[in-house]
Amino acid sequence: MKKIDVKIKLLSPAVLSTLGSAHVMTETHKFISGSILRGLFAQRYIEMQELGRNADEHAGFRHIFFSGARFVDANPICKGERAITLPMSLQKEKEGIGGNRVPKIQDLLNLNGKAAAKGFKSFRGMASVVGNEIYKANVKTVINFHMSRSGAKERLKGSSQDGGVYSYEAVCEGQSFIGTIIGEQEVLQKLVDGLNLDGNGFMAYIGVSKYTQYGKCSVELSEIEDLNEAVPKIENKVLLRLDTPYIPREKYRGNAEMELAAVIDCLNHDTEDKPFSLGQVFAGNVDVDNFVGAWNMWRRRDCALASGSVFEVKRKGVWTDRDLKTLNALMFKGIGKRREEGFGQLRIWSVDALAMGSNIQEKDTEIQANMVIPEAVKNQIKSIINGRIFNQLQIYAYEDAAEARIEMGTGMAHFFARLEQMLEEARKNKTSVQKAMSAAIKENKEHQDDKIHARDKAHTPFQEHLSKVFIRKKASLGEYLECRAGIMPYLDRDLHHLIKDVGAGSEEKVKSLLKLADGSIAEDKLADNDYFYTYWHWFFRYGRKHATKKPRRQ
């Protein structure tokens, strides 16, 4: 069997409607189903061959679209590859258990006799598996508000007389998806010939409201290529995952073992000793239906095993050539009903020792949507990050004040109260709070020098307190406030890593969020004004509290 890879790039938002959508809100799938893919190519084929409404009477059309080809779901591109629905046997370490390190992953089908580790939860979604690393695919969506204007008067007026409103969730433009068409060489060649391609592709429209503002996309086809046939790594068993939902011919709703019995029956067909049996199963159910434009009505809803369901097939003895041929036919021709729409596609799952990959430095622009972020959202991002920075500065101030209390003496509570009052006065300077505070400290020292006898100048109380309070044993309080220490204590990487701590261990998280908001964090800005004020305000407050604490009795 052969295949053609199909790359679809959205040129406008697309609404790929899902089940259970309310009247006022239509949600969207995060992938392009095989049903949509099949309809897209069928419409192009009919138009190019001028088959009209009687296309189903054309033998060539029926052979391609009703039996010969398999149109497999187009999933988002991640790390340059087609993402898959993660197997339901995967679990990810819970947040916070491993600290700031990357969470671990365990596969309940690959424990090799060991007990499952505690502190893990289900790991779902779409991702690309590169080597042994998993990279999550995050499809960008947007919600658009619409007003119903179905009547002639409403269209002229530009609003709904009855107050009819609704919203569409849509996959954002600029994102790309990869699907596959599987079939024999002859079938695929007839399909390509009948499409009359412009180069290696064509323009099309998919999804809901595709004749208005949604669903425009470009379709690009690869050359006809060989399929990578499966070769099990383990002699006595193989792990199979559902790449697309499986609609069984028999109705065993909720009983995955009975639904998957068809796979075992196919493998055991024409064998004397029936060597194949079903092992462990991790599966879930999903309801499947879709709107058929040619009928102008919804198809009957079916219950299916969800994509990502994974199960173990055991074999007595070694795999034979006949077994491999049967397995590959099952995988690529599919099992169950509606196989021409890509349902029932199986793939081997054989990845061991999985780990989470990081998408922070992701360079693959295929999944990045060309979104315009409103100014209100940008301001909210900056406000949230600033709030986190202020909270972290308060934590630093408490820790540093507790450490500095070791060398504190009498009169310190009054000293910190004076510093706090001076800071409030310095805050009135709109240009630089840091410079205003530094000038106030120097002025206060000179004022005290004029009142003290010459023999006591080196030992004024104010100067003495400034010099005896050390922050993390790096520099004195006076050196910091007079800007002689070189850098503020909360920006000293040996003491604190402000942006990294704000990002819960990842400096890149904060920078990437600020990049979305067209903002940045410069160290000279962090050393002054609101940031400077916040740290020293809390330092003086906590310093005063520590100075008035009574020592505990031993």
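Remember, it's a predicted structure, so these values are computed and weren't measured experimentally.
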task = Go through Arg124 and Met88 one step at a time and tell me if the side chain to side chain contact (heavy atoms under 4.5 Å, CB included) criterion holds.
result = CA-CA 7 Å; Arg124 299 286 185 266; Met88 295 184 182; 3.9 Å; yes
message = As an exercise, state the distance from CG of Asn144 to OG of Ser167, rounded to the nearest 0.5 Å.
response =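 The CG atom of Asn144 sits 8.5 Å away from the OG atom of Ser167.
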So which heavy atom on [X] is nearest to which on [Y], and how close?
X	Y	result
Leu86	Leu90	CD2-CD1, 4.0 Å
Ser12	Gly215	OG-N, 3.3 Å
Ile348	Arg241	O-NE, 4.5 Å
Gly284	Ser309	N-OG, 3.3 Å
Glu169	Lys30	OE2-NZ, 3.9 Å

task = Could you walk me through whether Asp73 and Ser33 pass the side chain to side chain donor-acceptor pair (under 3.5 Å) test, one step at a time?
result = CA-CA 4 Å; Asp73 297 352; Ser33 68; 5.3 Å; no
Should we count [atom1] of [X] as having more than 12 external heavy atoms under 6.0 Å?
X	atom1	answer
Gln185	CD	yes
Arg388	CZ	no
Lys314	NZ	no
Lys378	NZ	yes

task = Apply side chain to side chain contact (heavy atoms under 4.5 Å, CB included) to Ile206 and Cys217, showing your working.
result = CA-CA 8 Å; Ile206 58 174; Cys217 62; 4.3 Å; yes
Does [X] reach the main-chain N or O of [Y] with its side chain, forming a donor-acceptor pair under 3.5 Å?
X	Y	result
Arg347	Met331	yes
Glu93	Ile105	no
Arg70	Gly342	no
Gln345	Phe332	yes
Asn200	Glu220	no

request  = Kindly determine whether Val129 and Tyr135 satisfy side chain to side chain contact (heavy atoms under 4.5 Å, CB included), including the steps that lead there.
outcome  = CA-CA 6 Å; Val129 181; Tyr135 295 87; over 6 Å; no
request  = Decide whether a cation-pi geometry holds between Arg38 and Phe66; the criteria are a distance under 6.0 Å from NZ or CZ to the six-membered ring centre and an angle within 45° of the ring axis.
outcome  =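 So Arg38 does make the cation-pi contact.
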Please determine if [X] and [Y] form a salt bridge, counting it only when a charged side-chain N lies under 4.0 Å from a carboxylate O.
X	Y	answer
Asp5	Lys3	yes
Arg315	Asp323	yes
Arg338	Asp302	yes
Asp243	Arg82	yes

Can you check whether [X] and [Y] have ring centres sitting under 6.0 Å from each other?
X	Y	value
Phe276	Trp319	yes
Phe71	Phe343	no
Tyr214	Tyr205	no
Phe61	Phe65	yes

ask   = Is there a donor in the side chain of Ser35 and an acceptor in the side chain of Glu341, or the other way round, less than 3.5 Å apart?
value =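 Yes, side-chain donor-acceptor contact under 3.5 Å.
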ask   = Among side-chain atoms of Asp193 and Gln189, is any donor-acceptor pair under 3.5 angstrom?
value =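 Note: Asp193 and Gln189 side chains meet the donor-acceptor criterion.
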key: Candidate pair Glu47 and Arg44, rule salt bridge (charged side-chain N to carboxylate O under 4.0 Å, His left out), full reasoning   = CA-CA 5 Å; Glu47 290 175 355; Arg44 173 76 179 188; 5.5 Å; no
In the structure I gave you, are the side-chain heavy atoms of [X] and [Y] within less than 4.5 Å of one another anywhere?
X	Y	answer
Asp198	Met203	no
Lys140	Gln175	yes
Phe177	Leu10	yes
Gln91	Leu108	yes
Leu16	Phe31	no

ask   = Hey, mind stepping through Lys104 and Gln106 against side chain to side chain contact (heavy atoms under 4.5 Å, CB included) and telling me if it holds?
value = CA-CA 7 Å; Lys104 293 181 179 179; Gln106 69 175 355; over 6 Å; no
